[in-house]
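Below: the structure, in structure tokens.
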Amino acid sequence: MQRETWSSGAGFVLAAVGSAVGLGNMWRFSATAASTGGAGFVAVYVFMVLLIGLPLLLGELILGRRFQSSPVAALTRAVGRPGAALGWFFVLTAFVILAFYSVIAGWTFRYGLESIAGGWEGDLTEHFLAIATGPAAVLYHLLFMALTMMVVLWGIKGGIEKFASLATPVLFLILVGLGIWAAFLRGASEGYAFYLAPDLSVLADPAVWGAAAGQTYFSMSIGMGALLTYASYLRSSDKLATEAAVISVSDFAVAFMAGLVIFPIVFSLGMGDTIAAFGADEAEGVLFIALPAAFEQLGGTGYFVGVVFFLALILAALTSTISLMEVIVSTLIDSLSVSRRRATIGVGVCAGLIGVLPGMSLPALSMMNRFAGEFFLGFGAFAITLLVGWFMDDPRRELRAALGDRALMVNGWYFVMRWIAPLITGFVVVNMLQQYFAG
Ligand code: TRP
């Protein structure tokens with residue numbers, strides 16, 4: 001059977017940006033920045049995106065496009081049996097991330113419906129705790145998984161590309177609109193100050209560099225073959241370098257803008273203390289409490305802003321769960337010759353069942369996040385740099401085709417992949433292990 005393809009290069013980019021832009025940008029980035037060094041963290045993060053995010057992303061795109069198949073088959077063809085093992089490890093990672101991510105996406109889905117139904121009353125902390133875990137959380141997680149399956153079922157062109165071509169631009173427009181609106185709120189500057197207060201001492205803290213690297217992997221969907229899989233549906237004449245740059249810049253822009261929307265809203269309504277009172281680990285959960293509370297206080301405008309804001313979150317989350325599911329579905333299609341229909345249903349049901357665990361227990365959720373969302377990705381990123389930099393057949397071919405004879409860029413990238421990226425990603429793995437054993 002002929003392999004599916006994107007209908008255009010732009011469709012691929014929109015889908016890839018959709019994969020990258022997700023709850024990681026909207027919640028995790030702003031919460032981390034606000035609680036660790038503000039503008040200092042943003043600076044470290046940007047450096048990490050340029051130094052390892054973008055090069056690694058290019059590495060994944062090259063693997064996908066060259067071998068035109070999903071991770072297991074592509075990595076096997078690149079380096080043989082160890083590649084196959086790494087590919088299956090990616091599938092495992094995808095399952096775990098998909099399962100817990102869908103639970104969080106389920107919360108946002110519920111908040112979105114509630115915002116349409118008229119908002120919230122009573123204590124929002126209690127509300128969050130009540131819906132975050134338990135049968136209701138599982139129900140919304142399953143609903144979200146079903147939405148994801150619906151798009152993946154329709155395939156690359158007819159499902160993923162079509163949906164992302166709509167959702168990704170809408171999400172951008174909403175964020176820009178909200179950012180402009182929020183800038184005029186009284187107290188906006190306090191919000192910016194909280195978000196971006198430059199604490200430059202973080203530049204000297206290795207743990208912050210580790211955290212920034214972890215955030216880079218998660219936010220850019222790197223380290224488990226998601227963008228490799230998307231690139232495998234490119235035609236072999238498609239170029240890669242500009243695409244990688246556009247994906248990286250868009251992903252950062254959305255993360256940065258989300259903070260510019262969230263903190264002015266929260267601070268203009270005096271919810272700042274609620275956020276500041278919680279530590280770094282809790283900051284993400286607190287956003288689920290402080291933002292709806294702010295929307296409530298804003299009355300009619302708040303209703304509108306709340307609906308639109310949660311719509312943006314839901315779209316962002318959905319294009320991300322789609323890419324996670326596609327990694328597994330695509331592997332079953334390529335490596336086990338299952339039909340897309342059966343693969344999608346099977347994967348959706350399995351991930352739905354695995355998600356019952358994080359749906360019933362917050363500690364389980366954060367454990368899965370730590371293992372798969374941080375450590376597995378960190379290890380995956382390290383393995384990919386070694387594979388691309390040292391073991392596969394000259395990866396510069398694709399890049400030369402894209403960049404022509406700009407040898408400096410091609411060789412610069414290759415140097416980073418061989419020497420710098422393995423060192424940094426390796427350091428990050430060690431750093432993560434140390435932290436686990438320390439605490
Ligand atoms: N990048 C998404 C976010 O920021 C999450 C995500 C989607 C992801 N696909 C992935 C993370 C693959 C790691 C790997 O929310």
Side-chain angles (χ1 to χ4, degrees), residues 15-33 45 48-49 52-53 56-57 59-61 64 70-71 86-87 89-108 144-145 148 151-152 160 163-164 167-168 171 175 212-231 247-248 250-259 284 287 312-331 347 351 368-384 425:
V17 171
S19 165
V21 167
L23 299 170
N25 303 58
M26 310 287 267
W27 290 139
R28 199 172 143 170
F29 179 81
S30 47
T32 314
Y45 181 74
M48 278 293 181
V49 168
I52 54 170
L56 258 161
L57 168 63
E60 280 204 26
L61 297 187
S70 49
L86 186 61
F89 177 71
F90 289 168
V91 169
L92 171 72
T93 309
F95 257 123
V96 182
I97 297 184
L98 177 59
F100 81 77
Y101 195 93
S102 164
V103 172
I104 305 175
W107 302 342
T108 66
F144 206 85
M145 195 64 81
T148 309
V151 180
V152 174
I160 300 180
F163 181 71
T168 306
L171 162 76
L175 265 188
Q215 175 64 22
T216 305
Y217 305 150
F218 192 84
S219 184
M220 295 179 69
S221 306
I222 288 173
M224 49 142 279
L227 294 175
L228 183 163
T229 305
Y230 273 9
I247 296 166
S248 308
S250 315
D251 186 62
F252 171 71
V254 169
F256 190 70
M257 276 195 303
E284 291 170 67
L287 291 178
L313 276 185
I314 293 167
L315 293 178
L318 197 47
T319 47
S320 295
T321 50
I322 287 167
S323 78
L324 287 159
M325 186 179 278
E326 180 61 26
V327 170
I328 315 170
V329 166
S330 169
T331 303
V347 171
M368 288 163 82
N369 178 27
R370 283 196 116 190
F371 267 99
E374 292 175 9
F375 184 66
F376 288 5
L377 288 184
F379 178 79
F382 176 61
I384 290 175
T425 53

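Order of appearance sets the numbers: ligands from 1, and atoms from 1 within every ligand.
- Side chain of Gln215 to main chain of Gly24: a donor-acceptor pair is present (N/O by atom type, distance under 3.5 Å, no hydrogens or angles).
- Protein residues having a heavy atom under 4.0 Å from any atom of ligand 1 are Ser19, Ala20, Gly22, Leu23, Gly24, Asn25, Tyr101, Phe218, Ser219, Ser221, Met224, Ala226, Ser320, Ser323, Leu324, Leu377, listed by chain and number.
- Applying the salt bridge (Lys or Arg N to Asp or Glu O under 4.0 Å) test to Glu60 and every residue at least two apart in sequence or in another chain returns nothing.
- Under the 3.5 Å distance criterion, the side-chain polar atoms of Ser102 are left unmatched by any main-chain donor or acceptor of Ala99.
- Using bins of under 30°, 30° to 60° and over 60° for the plane-to-plane angle, the ring pair Phe89/Phe376 lands in the tilted bin.
- Between the Ser19 side chain and the Ala15 main chain, no donor and acceptor come within less than 3.5 Å of each other.
- The distance from atom CG of Leu61 to atom CG of Leu227, rounded to the nearest 0.5 Å, is 6.0 Å.
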